Amino acid sequence: MADLKTKFVKAYGVLKSELLEDPAFEFSEDSRQWVDRMLDYNVPGGKLNRGLSVIDSYKLLKEGKELTEEEIFLSSALGWCIEWLQAYFLVLDDIMDSSHTRRGQPCWFRLPKVGLIAVNDGVLLRNHIPRILKNHFRGKPYYVDLLDLFNEVEFQTASGQMIDLITTLQGEKDLSKYTLSLHRRIVQYKTAYYSFYLPVACALLMAGEDLEKHVAVKHILVEMGTYFQVQDDYLDCFGNPETIGKIGTDIEDFKCSWLVVKALEICNGEQKKLLEENYGKPDPANVRKVKALYHEINLQGVFAEYESKSYEKLTTSIEAHPSKAVQAVLKSFLGKIYKRQK
């Protein structure tokens, strides 16, 4: 796998060079340098899990057959398209959230010479995806399906982001609208489709499969994405900042987190009042009160029970799938996230 990761990382350089020489635009030296720096700053810096899982999944679908260099490159290119999509979302998300850091460095728009030019950079990142797909997949029978897939998943993610943003509108702090079904909707659209379904759907298309016949796979991956986000919500509050690489701010930011939704279900009247008075306030004293309440009602135990039940349910769904190769893909995903600490 280390070898595949090396080849994956190498493919980024190839794709970037092609974009910087795109014949549809006449680059000046300044504009080429800008895009070069913008890409290096925003695209390859993360854990690359989404991108790498396209190659992983494709390899499992080929059931142990040795991949050709072309197959490795093409699955890498699709993996990088997902990383480009992620970069586009994050560059714009950080502006909307007024964030300061991302992946341990200042957000792109926070750099002195960047500012709101970052909005157009986000648009450029989004437009690089169809350029990459055209360069490498135009002759493939599944080309149109790939374009459709990326367009649909982008629409779903942007719509999920919208529900998230309008739910946490400042000046309208109303905890009563925070329910499990709202949490689920936000998570499903904002995270699960592009992080879990998209990499596997790319691999399925490359393997010559018809996505219409894999609706069950989509459902399982969306469930997995939901479980992943609940873990994220849990780690935001109870995780070790050293391990997860960031300091959680869901309580201060009035997020519709799984923890607050669960707390609202469990709390008595007095505890609910305490939550309403302290949730969504930036003062550390308020945050401490919310965390103390979470301990008091044993949210750690509630989460542990949710985690084991989700794992059982997902395993049962996966094992009911008729294809052993598809089962292997889904089990590999579940194995990577079960009981994760970061």
Side-chain angles (χ1 to χ4, degrees), residues 86 89-103 106-107 109-110 118 122 156-195 225-241 244-300 302-303 306 342:
Q86 157 98 330
F89 291 141
L90 299 185
V91 164
L92 296 183
D93 267 16
D94 286 343
I95 300 171
M96 290 181 259
D97 295 343
S98 299
S99 299
H100 288 273
T101 57
R102 162 78 61 191
R103 296 168 173 169
C107 300
F109 84 99
R110 293 281 180 194
Q156 290 168 317
T157 310
S159 302
Q161 169 73 346
M162 173 194 59
I163 323 172
D164 194 16
L165 291 166
I166 63 178
T167 305
T168 51
L169 270 177
Q170 286 306 309
E172 294 182 27
K173 293 190 168 168
D174 173 17
L175 275 180
S176 67
K177 61 188 172 190
Y178 283 3
T179 61
L180 217 45
S181 67
L182 174 70
H183 178 267
R184 191 184 170 76
R185 270 170 53 99
I186 293 173
V187 169
Q188 179 180 342
Y189 290 105
K190 189 183 169 178
T191 305
Y193 283 111
Y194 95 92
S195 299
T226 305
Y227 162 57
F228 177 85
Q229 186 58 49
V230 171
Q231 286 177 314
D232 234 36
D233 291 354
Y234 178 80
L235 292 170
D236 185 273
C237 178
F238 295 110
N240 178 353
I244 58 176
K246 60 182 178 189
I247 295 162
T249 57
D250 283 359
I251 295 172
E252 296 93 313
D253 295 342
F254 198 70
K255 284 284 184 216
C256 180
S257 155
W258 184 83
L259 296 175
V260 78
V261 168
K262 275 296 180 198
L264 287 164
E265 278 182 12
I266 299 165
C267 281
N268 61 33
E270 201 177 312
Q271 292 168 323
K272 206 171 271 187
K273 190 166 176 286
L274 188 133
L275 249 190
E276 281 161 1
E277 284 166 4
N278 293 283
Y279 198 75
K281 304 264 168 69
D283 189 326
N286 298 102
V287 176
R288 275 197 299 275
K289 283 180 186 168
V290 174
K291 287 191 176 180
L293 174 65
Y294 284 177
H295 280 285
E296 195 183 313
I297 60 174
N298 188 24
L299 272 188
Q300 279 130 310
V302 176
F303 171 75
Y306 166 84
K342 63 174 183 178

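Because only heavy atoms are used, hydrogens play no part in the values below, and waters and symmetry mates are left out as well, while side chains stay in. Bear in mind the structure is a predicted one, so any value in this text is a computation, not a measurement.
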Looking at Gly248 and Asp236, what are the two nearest heavy atoms and their distance? CA-OD2, 3.1 Å
Residues in side-chain contact (heavy atoms from CB on, under 4.5 Å) contact with Asn298, at least two apart in sequence or another chain: Gln300
What is the distance from atom CD of Gln156 to atom CD of Gln188, rounded to the nearest 0.5 Å? 8.0 Å
Pairing residues for Ser159 by the side-chain contact (heavy atoms from CB on, under 4.5 Å) criterion, not counting sequence neighbours: Phe155
For a 4.5 angstrom cut-off between non-hydrogen side-chain atoms, does Lys291 reach Phe238? no
Would you find a donor on one side and an acceptor on the other, under 3.5 Å apart, between the side chain of Asp97 and the backbone of Ser99? no
Inter-residue atom distance Trp258.CH2 - Asp250.CG, 0.5 Å rounding: 13.5 Å
Search all heavy atoms of Val261 against all heavy atoms of Leu180 and return the closest pair with its distance. CG1-N, 3.3 Å
Shortest non-hydrogen contact from Ile186 to Cys256? CD1-CB, 4.2 Å
Shortest non-hydrogen contact from Cys237 to Leu259? CB-CD1, 3.5 Å
Using distance alone, with no hydrogens and no angle criterion, decide if Ser176 and Asp174 have a side-chain donor and acceptor under 3.5 Å apart. yes
So how far is it from Asn278 CG to Leu293 CG, rounded to the nearest 0.5 Å? 9.0 Å
Determine whether Tyr306 and Tyr234 satisfy the following criterion, ring-ring contact (aromatic ring centres under 6.0 Å, His included), listing intermediate values before the conclusion. CA-CA 11 Å; Tyr306 166 84; Tyr234 178 80; over 10 Å; no
Gap separating the CD1 atom of Ile251 from the OH atom of Tyr279, nearest 0.5 angstrom: 6.5 Å
Flag side-chain contact, heavy atom, 4.5 Å: His183 against Val260: no
Beyond-backbone contact of Val187 with Arg184, side-chain heavy atoms, under 4.5 angstrom: no
With distance as the sole test, does Asp253 use its side chain to make a donor-acceptor pair with the main-chain N or O of Lys255 at under 3.5 Å? no
Please report the shortest heavy-atom distance between Tyr189 and Gly160, naming the atom on each side. CB-CA, 3.6 Å
Lys/Arg-Asp/Glu bridge criterion (N-O < 4.0 Å) met for Glu277, Lys273: yes
Where do Val287 and Lys281 come nearest, in terms of heavy atoms and distance? CG2-O, 3.8 Å
Hey, is CZ on Arg110 packed in by over 12 heavy atoms from elsewhere, all under 6.0 Å? yes
CG-CG distance between Asp164 and Leu182, expressed to the nearest 0.5 angstrom: 8.5 Å
Quick check for you: to the nearest 0.5 Å, what is the distance between Leu264 atom CG and Lys177 atom NZ? 12.5 Å
So Lys190 and Gln229, do their side chains get closer than 4.5 Å, heavy atoms only? no
Determine whether Thr157 and Gln161 make a side-chain contact, defined as any pair of heavy atoms from C-beta on separated by less than 4.5 Å. no
For Ile266, check side-chain contact (heavy atoms from CB on, under 4.5 Å) against everything at least two apart and list the hits. Ile297, Leu299, Val302
Could you check, using the six-membered ring where one of them is a Trp, whether Tyr178 and Phe254 have ring centers closer than 6.0 angstrom? yes
